[in-house]
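Just below is one structure, and these are the notes that go with it.
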Amino acid sequence: MCGIVGIVNVQGDHPITEEMLRQMLALIRHRGPDQFGIYLDDRAGLGSARLSIIDLSGGQQPIASEDEGLWIVFNGEIFNYVELRPDLEARGRRFTTNTDTEVILHLYEEYGPACLSHLNGQFAIAIWDAREQTLFLARDRVGILPLFYTIVDGTLIFASEIKAIIADPRVQRAIDPVALEQIFTFWGTLSPRTIFRGIVDLPPGHYLIARRGRIDVQPYWRLEFGAPTEERREEEYVEELRDLLIDATTIRLRADVPVGAYLSGGLDSSTVAAIVRQYADNRLDTFSIAFSDPEFDESRFQRQMAQCLGTNHQVAYVTHADIGRVFPEVIWHTEMPILRTSPAPLFILSQLVRDHSYRVVLTGEGADEFLAGYDIFKEAKVRRFWARQPSSRLRPLLLRRLYPWIAGFAGKNVAYLAAFFSEGLMDTTAPDYSHRPRWRTTSRTRRFFSDDVRQAADTLAQPTDRAPYYPEAFSSWDPLQQAQYLEITTFLSQYLLSAQGDRMIMAHAVEGRFPFLDHRVIELANRLPPRLKLRGLTEKYILRRVGRAWLPDVIWQRPKQPYRAPIHRSFFHDARLDYVQHLLSPDQVQANGLFKPTAVAHLKEKAQSGVRLSETEDMALVGILSTQLLVERFIHEFRLPPPISEADNVRVCIRNGITVGGTYGI
């Protein structure tokens with residue numbers, strides 16, 4: 001895993017300096033502190049901050065093709081590179097390293113952009129064709145790894161993180177009110193928008209080609225669902241998923257450094273860890289989060305699973321004060337406002353992993369989205385069932401079985417549940433039927449927006465900015481598949497894999513690997529009969545069938561408990577947090593102009609009083625605070641660290657008719 005940066009003159013002839021590339025790399029040093037590399041010519045500059053995992057001594061980037069016409073910098077891992085290399089060698093391609101990076105480069109020489117269909121991995125790729133003056137950027141199928149870019153004065157500037165892009169003084173640093181509205185509705189922006197005006201992400205499953213003044217963005221993979229091509233016995237589906245998960249997990253153990261695993265105490269991460277113990281010889285250390293607040297703590301199940309597996313288990317014990325303490329650094333890494341504090345404990349956990357000399361961990365992300373693990377899928381199913389007999393007094397009672405993790409929810413009376421969930425109940429053909437209650441609830445946080453933000457969002461927003469993209473086949477999919485599509489496209493990449501995944505793990509130079517996000521697993525999951533994913537109100541039914549062969553009953557039979565972390569108690573406790581008081585003060589709220597000072601003051605007063613906040617109020621509090629932090633760190637007080645220097649392990653390759661392959665600091 002690494003971080004990459006680059007500057008390419010698509011139009012015009014603006015100077016591209018080595019100093020600027022060094023400055024950009026300094027801002028993402030945390031992603032790859034082991035080695036740095038720079039390529040520079042008259043039209044393009046590329047940079048890499050490398051976290052060494054494969055071919056530790058020989059894999060320094062950038063890597064060139066045999067004739068030095070192509071140059072690559074790469075962030076990620078290609079897990080099937082071992083299988084791809086022999087065919088490339090048979091085609092006459094010569095290798096100078098043992099890396100997956102060089103496999104990508106030779107695949108691109110053979111197939112061009114079609115090379116992406118050969119890759120099983122997680123990646124952000126940049127290839128510069130010096131002969132054709134063409135830049136190729138690509139991002140993995142579901143957006144595990146980030147890649148951002150902007151265009152200023154005919155120059156395309158890209159990077160793994162936005163902070164490296166805004167190192168260029170030509171790039172404007174301003175909050176996009178439309179993106180802010182999206183976050184306070186969907187929990188994340190709708191790709192390709194980011195919270196910063198004019199800076200976009202390359203959408204998952206897409207590539208970009210910049211050539212001769214033109215920029216073209218195209219999809220190479222799409223999220224698709226559909227009926228199974230043939231009805232098979234349940235056991236056949238179980239066996240196919242089991243075999244794929246074993247392979248997806250074991251190939252993700254390929255590394256020249258030890259590989260650990262996260263262990264949450266739930267079905268997903270326990271299945272991954274169990275596969276490692278059952279089918280690989282690797283030593284396995286496991287890592288988990290324990291909360292001082294029992295409402296959020298799952299450590300009992302983590303300990304049981306670790307004992308069952310016989311792993312060396314490490315625990316990050318997290319208090320309310322810990323979350324408040326690290327929160328400013330969390331927002332520096334998320335580069336976006338968030339509505340939950342959940343990334344903060346993961347930030348602390350990745351530090352624990354690094355402290356134990358691990359650089360790679362396996363995690364269970366993706367199972368809930370692709371195998372229907374979330375309560376929102378069950379909620380939609382209950383609401384559709386209720387809609388068939390809307391006057392029924394019994395059917396709304398099923399809603400009490402949902403969201404047991406929300407305090408007092410199961411005890412709500414039927415009238416309350418009916419009032420809350422009945423809005424839009426009969427509109428079962430609406431494309432957003434499954435997510436409408438969540439989005440409606442979250443959007444209530446927008447009442448804290450200032451009038452200026454509301455007006456700017458209304459002025460700038462297009463219709464496509466206020467609703468997800470629905471593919472042509474969407475209406476033909478099963479209701480569960482429709483709900484999964486919305487969860488994956490609005491939540492998985494845009495929030496979960498970013499704010500809780502890549503950014504928190506890479507903050508401490510640790511690489512996360514995700515067996516459930518192997519595209520073969522995804523494609524099988526998407527063609528499974530819906531009844532094998534959500535059986536009645538039993539989530540991830542088929543994964544329970546797979547996991548029970550390896551897991552204790554208490555784990556595979558356990559209902560889903562979503563990962564959460566305390567919110568308002570993390571910012572208002574015995575130890576006063578000066579940054580919270582400052583950023584939520586009426587003067588500072590007024591100065592930034594994004595929220596209503598009086599409304600924020602009332603929310604702050606309520607949180608300080610110790611009164612339990614509602615879910616919406618908790619989301620509003622952390623959303624406002626994280627936005628205020630973002631403005632302070634990235635707009636008002638953005639600071640550039642010293643550029644990487646000759647004291648760092650850096651290689652510079654300059655191709656301008658004078659030098660190629662010059663090195664410094666090695």
Are Phe291 and His320 close enough that their ring centers fall under 6.0 Å?
no

Could you tell me whether Glu295 and Arg564 make a salt bridge, using a distance below 4.0 angstrom between a side-chain N and a carboxylate O?
yes

Taking only residues two or more places apart in sequence or in another chain, which ones pass ring-ring contact (aromatic ring centres under 6.0 Å, His included) with Phe327?
Phe571

With sequence neighbours excluded, residues passing ring-ring contact (aromatic ring centres under 6.0 Å, His included) with Tyr358:
Phe287

Looking at Asp648 and Arg29, is any side-chain nitrogen of the basic one under 4.0 Å from a carboxylate oxygen of the acidic one?
yes

What about the rings of Phe123 and Phe74, do their centers lie closer together than 6.0 Å?
no

Within this structure, what is the CD-CZ distance for the pair Glu161 and Arg503, rounded to the nearest 0.5 Å?
4.5 Å

Gln494 side, atom CD; Leu190 side, atom CG - distance, nearest 0.5 Å
7.5 Å

Are Asn649 and Arg50 close enough that some pair of their side-chain heavy atoms sits under 4.5 Å apart?
no

More than 12 heavy atoms from other groups under 6.0 Å of OH on Tyr317:
no

Under 3.5 Å, is there a donor-acceptor pair between the Asp201 and Ser191 side chains?
yes

Separation between CD1 (Ile7) and CG (Leu135), nearest 0.5 Å, reads 12.0 Å

To the nearest 0.5 Å, how far apart are CG in Leu105 and CD1 in Ile72?
5.5 Å

Quick one: does Tyr495's side chain get under 4.5 Å of Gln500's, heavy atoms only?
yes

Say whether Asn592 and His636, considering side chains only, have a donor N or O and an acceptor N or O under 3.5 Å apart.
yes

Interatomic distance, OG@Ser269 vs CD@Gln302, rounded to 0.5 Å, equals 8.0 Å

Could you pull out all residues at least two apart from Asp268 that satisfy side-chain hydrogen bond (donor to acceptor under 3.5 Å, both in side chains)?
Lys540

Examine the side chains of Asn120 and Asp518 and answer whether a donor and an acceptor come within less than 3.5 Å of each other.
yes

